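Here's the structure we're looking at; comments come further down.
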Amino acid sequence: MKENETTPEKLLKPYNPAETEDKIYKLWEEGGFFNPDVCIEKGFTQAEAEAFSMVLPPPNVTGTLHTGHALTLAIEDIMVRYARMQGKKTLWVPGTDHAAIATQSKVEKILEKEESKRKGDLGREEFLKRVEKFAQESHDTIINQAKKMGASLDWSREAFTLDKKREKAVYTAFKRMYDDGLIYRGYRVVNWDPKGQTTISDDELVYEERKAKLYTFKYSKDFPISISTTRPETKLGDTAVAVHPDDPRYKEFVGKEYDAVFCGAPIHIKIIADDSVEMEFGTGALGVTPAHSMADWEMGQKHNLPLVPVINEFAKMILGNESVLGKKTTEAREAVVEWLRTEGLLEKEEEISQNVSTAERTGAIIEPLPKLQWFINVNKPIASRGNKTLKELMLEPVRDGKIKVLPDRFERVYYNWIENLRDWCISRQIWYGHQVPVWYKNEALYCGTEAPQEEGWIQDPDTLDTWFSSGLWTFSTLGWPDETPDLKTYHPTTVLETGYDILFFWIARMILMSQYLLGDIPFKNVYLHGLVRDKDGKKMSKSLGNAMDPLELIKKYGTDAVRMALIIGTAPGNDSKLAEENIRGYGRFANKMWNVARFVVENTTDLDTSGTPAFDEEDEASLKELSSLIDEITKEMDEYKFYLVAEKLYHYFWHTFADIIIERSKKKIAEGDAQAILSAKWILVSHLNTLLRALHPFMPFVTEEIWGLLFTRNVSTETGGPSTSSKMLIVESWPSQS
RNA sequence: GCGCGAUUAGCUCAGUUGGUAGAGCAAUCCGUUUACACCGGAAAGGUCGCAGGUUCGAGUCCUGCAUCGCGCACCA
C-alpha cells in the first residue's frame with residue numbers, strides 16, 4: 001500500500017473501538033448535543049422544529065445493567081438519533097428508579113450476609129443511610145453503563161424517582177387523589193408477604209404450580225355438609241359454607257347456622273347460597289374464610305359475614321388448641337389434619353396441582369390477611385373527569401387510538417387486565433420509598449404535600465408502592481406539578497419504549513396518572529420489546545450462568561457491534577436471542593466500514609467535487625439504487641422497523657457498496673478515462689457519506705469517527721453532493737429522500 | 001377455562017398488499033505480496049410443524065390439529 005500523507009494515520013490500523021468510543025462519547029457530551037436547548041442555541045436545531053421526546057424506563061438501582069437494559073438503550077438511542085438527525089427538537093430523559101422493595105431487600109440480604117444484622121438492629125434512619133449508599137453506587141454504575149452503550153441521553157435533566165422534585169410530584173398526586181376520594185384507607189384482605197413483612201399488589205404476585213393435598217372433611221360429627229380444602233389450618237376462621245343456589249343436595253340447609261369447636265376454636269357457620277360456587281368441584285360446598293382468602297373476603301362482603309383472623313403477619317396461628325396455636329401455617333396444617341383423623345372427621349385425601357401465589361421479590365408464599373391499608377379506587381366516578389372512573393380513563397385513549405401500541409395485540413392484553421383490575425393497594429410496610437403524605441394526631445388525620453406546622457403530628461410510617469412514583473414519570477421528569485416550559489414542549493411524549501413484561505406495572509399506571517392528573521395521555525406511541533434470551537432461547541439469569549454482561553461484550557467487540565447484534569432480528573413484542581458469534585460478526589462489519597473509509601480516502605483525495613459529474617451507466621444505476629434504499633428505510637424507520645433497516649444497511653454497505661461498487665471502481669480508476677474516473681470517485685464519496693448518515697443511529701461510534709476523519713477534513717464539494725461539514729455526524733441530517 | 005405468540009437451511013432469524021423461498025453465523029471447496037484474513041469468490045443446504053379449504057396461484061388468507069413458550073383468570 002502506498003503511504004498517502006492525507007490518509008489519517010489512525011485509519012492505517014484496524015478499527016479499535018476501545019480507543020475510539022469513550023473519546024467520541026466525551027465529544028458529544030461536551031458539545032451538548034444531547035440537550036435540545038443547546039442544539040437550538042448552536043443552530044443545529046430550529047427553535048420551532050417539531051418535538052420528539054421520550055423518557056428512559058428508569059433502571060432499578062439494584063445493581064448493574066443486563067442485556068435487557070442494553071436492548072432498551074439500543075432501540076431508544078436509535079429512535080432518538082434518528083429524530084435528532086431529522087432536525088427535530090429531541091429530548092431523551094434519563095433517570096433511575098428507587099425500586100422500593102427490590103432495593104431494600106437487596107440491602108437487607110447484604111446486611112445479613114456481611115454483618116449478620118437485620119434492619120431492625122440499625123433502626124430506620126441508619127438502615128436508610130445504608131440503602132441510600134447502595135443506591136448511589138448502583139446509580140453510578142448504571143449511568144456509566146448507559147454511556148458505554150452510546151446512549152444520547154440529556155444528562156442535564158436526569159431524575160430519580162425518590163429525589164426532592166419527584167417527591168413534590170408524588171405528594172401532589174397523592175393529595176389530589178385523596179381529596180377526590182380516589183385514595184382511601186381501608187381494612188381489607190391484602191396480599192401479605194411474610195418474608196418481606198409488607199403488603200404487595202396483585203401484579204407483584206407470581207403464580208407457581210405445585211402439588212397439594214385436597215382434604216375433604218366435616219367441621220364436626222353433626223355438621224350436615226362436607227367441604228374440601230387444601231388449607232385446613234385456615235378453616236378455624238371459617239364463618240360460612242357456600243353452596244350453589246341450584247344445588248339440590250344442599251338446598252334445604254341454606255340459611256341455617258351451626259356451631260362447632262374446630263381444633264380448639266369455636267366456630268359459627270352460616271350456610272349461604274352463592275352462584276360463584278361450582279357444583280362439580282370437591283363436594284360442591286365451599287368453606288368460606290373471609291379473613292384469609294381474597295375471593296372469600298369478597299364473598300364475605302357480599303353476604304355480610306364476620307371476619308375471624310387466625311393467622312398473623314409471621315404466618316403463625318393465633319387461634320386453636322395447643323397443637324396449632326403459635327405454629328407456622330405449614331406445621332399447623334398437619335396438626336389440623338391429625339386432629340381431623342383422630343376425630344374421625346376426615347373423609348378423603350387426594351393429590352391435586354394448584355397455583356400458589358408467591359411474592360415476586362422474596363419468593364415467599366403469600367398469606368392473604370386483613371389489614372388497614374391505603375388503596376386507589378379504580379371504580380369511583382371522578383367529577384373533574386366527566387364522572388369517568390380510573391378504569392375508564394385508562395381504557396379510553398387506547399381504545400380510541402390516541403395511544404397506539406406496537407405490536408397491537410398487546411392492546412387486547414391491556415383491556416383484559418383492566419377488566420380484571422381491583423383496587424390498587426399502594427401502601428408498603430417497608431422503609432425505603434416515599435413515605436405516605438398523611439399525618440395523624442390523636443383521632444385526626446391530615447393529608448398534604450408538607451407536614452403540618454403544629455406539634456404532635458406523626459407521619460404514617462408506610463411508604464408507597466414504587467410504581468406510584470414511576471406512574472408519574474413522563475411528567476414528573478419534566479417538572480410537574482410546576483407549569484414548566486419542558487412540560488409544555490415535551491408532554492405528551494412521542495413514544496414510550498419498554499419491555500412487554502411491564503405493560504401492567506408501568507404503562508397502565510402511567511396512563512392512569514397522566515389521564516387523571518393532566519387530563520392528557522402520557523405518550524402517543526408504545527413500542528414493546530421482548531426478552532433477550534441466550535442463543536438457545538433460555539432466559540438469561542445469574543443462577544443459570546448464561547447471563548451475558550453487556551460491558552464485557554462491549555470490551556471485546558465494541559458498542560456498535562453489540563447494538564447491531566441486539567437490534568437485528570428483534571421485532572417488537574418478540575423475544576430475541578443474543579449469540580456471541582453474531583456480535584463478533586458485526587464487530588467485523590465495523591472494521592469493514594473502517595477499511596472502506598481508508599480505501600475511499602486514499603483514492604479520492606485529489607477529487608474535485610465542484611459540480612456534479614456525468615455519471616456512467618453503472619454509477620447512475622448505483623445512485624438510483626441507494627436512493628431507493630434510503631426511501632425504503634426512511635419509511636421503515638417511521639414504522640419502527642429498525643431490525644429491517646439495520647439489516648438492509650449492513651447488507652447494502654458490505655455486499656453492494658464494498659463488494660460491487662468499490663471493486664469496479666478499482667478498474668475504472670486504474671484504466672478509465674477522466675470522465676470514468678471522476679464518476680467512480682464521486683460515487684465512492686457520496687455513497688460513503690450517505691451510508692454513514694444512515695448507519696449512524698445504529699452504529700454511532702464508528703460512523704462518527706470515520707465522519708470526523710473524512711468529512712470534516714479533506715473531502716469537499718459544492719451543494720448537491722457530499723460536503724464538508726463542521727458538524728459532528730450526530731447533528732448531521734438524515735439522508736434526504738429522492 | 002379464556003387468550004396470545006412461535007413452528008421456514010445445521011443454528012439464529014427475515015419474508016411488507018398472496019406471484020414459484022432469503023440473510024447472517026457455522027460447515028465445504030477455491031483464491032489471496034489486493035482498502036480489509038475481522039478478506040474475496042464458488043458451490044452446497046428447505047415437500048416453509050401436520051391435515052384440509054379459498055384461489056389461476058398460499059410460507060403468506062381461512063378452519064382444524066400437534067408441539068413448544070407466554071399472559072390472564074380460577075385455584076375449595
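Note that this is a predicted model, so its numbers are computed, not measured. Lettering follows sequence order; numbering is per chain, from 1.
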Side chain of [X] (C-beta onward), nearest among [options]:
X       : options                : answer
S228(A) : A76(B), A73(B), A26(B) : A76(B)
R422(A) : A14(B), C75(B), C74(B) : C74(B)
V413(A) : G71(B), C75(B), C38(B) : G71(B)
L286(A) : A76(B), A35(B), C25(B) : A76(B)
N355(A) : A35(B), U16(B), A73(B) : A73(B)
R584(A) : C25(B), G5(B), A35(B)  : C25(B)
E647(A) : A35(B), C74(B), A23(B) : A23(B)
N416(A) : A35(B), C72(B), A76(B) : C72(B)
N591(A) : C38(B), G3(B), G24(B)  : C38(B)
T230(A) : C4(B), A76(B), A35(B)  : A76(B)

Under 4.0 angstrom between [X] side-chain N/O and [N] OP1 or OP2:
X       : N      : result
Q354(A) : C74(B) : no
W654(A) : C36(B) : no
R598(A) : C38(B) : no
H655(A) : A23(B) : no
R412(A) : C4(B)  : yes

Is it true that the side chains of [X] and [Y] contain a donor and an acceptor less than 3.5 Å apart?
X       : Y       : value
E204(A) : S201(A) : yes
N574(A) : Y500(A) : no
W682(A) : D619(A) : no
S228(A) : K348(A) : no
N595(A) : R598(A) : yes

Taking the [atom1] atom of each, how far is [N] from [M], in whole Å?
N      : M      : atom1 : value
G15(B) : U7(B)  : C1'   : 15 Å
C38(B) : A44(B) : C1'   : 25 Å
C13(B) : G19(B) : C1'   : 24 Å
G69(B) : C74(B) : P     : 24 Å
U12(B) : U17(B) : C1'   : 28 Å
A66(B) : U20(B) : C1'   : 28 Å
A14(B) : A6(B)  : P     : 9 Å
C68(B) : A73(B) : C1'   : 22 Å

Using a 4.0 Å heavy-atom cut-off, does [X] contact any base of the nucleic acid, only the sugar-phosphate backbone, or nothing at all?
X       : result
L644(A) : sugar-phosphate
E278(A) : base
V277(A) : base
K641(A) : nothing
D659(A) : sugar-phosphate
A590(A) : nothing
F410(A) : nothing
I568(A) : nothing
G587(A) : base

Report task. Figure out the CZ/P separation between F589(A) and C39(B), and round it to whole Å. Result -> 12 Å
Query raised in the report: Whole Å only: how far is the CG atom of L578(A) from the C1' atom of C25(B)?
Result: 13 Å
Taking the six-membered ring for Trp, are the ring centroids of [X] and [Y] within less than 6.0 Å of each other?
X       : Y       : result
F410(A) : Y415(A) : no
Y258(A) : Y219(A) : no
Y650(A) : F698(A) : no

Query raised in the report: Going by modelled atom types, is there a donor-acceptor pair between the base of C36(B) and the side chain of K592(A) at under 3.5 Å?
Result: yes
Query raised in the report: Any donor-acceptor pair under 3.5 Å joining the side chain of E663(A) to the base of A35(B)?
Result: yes
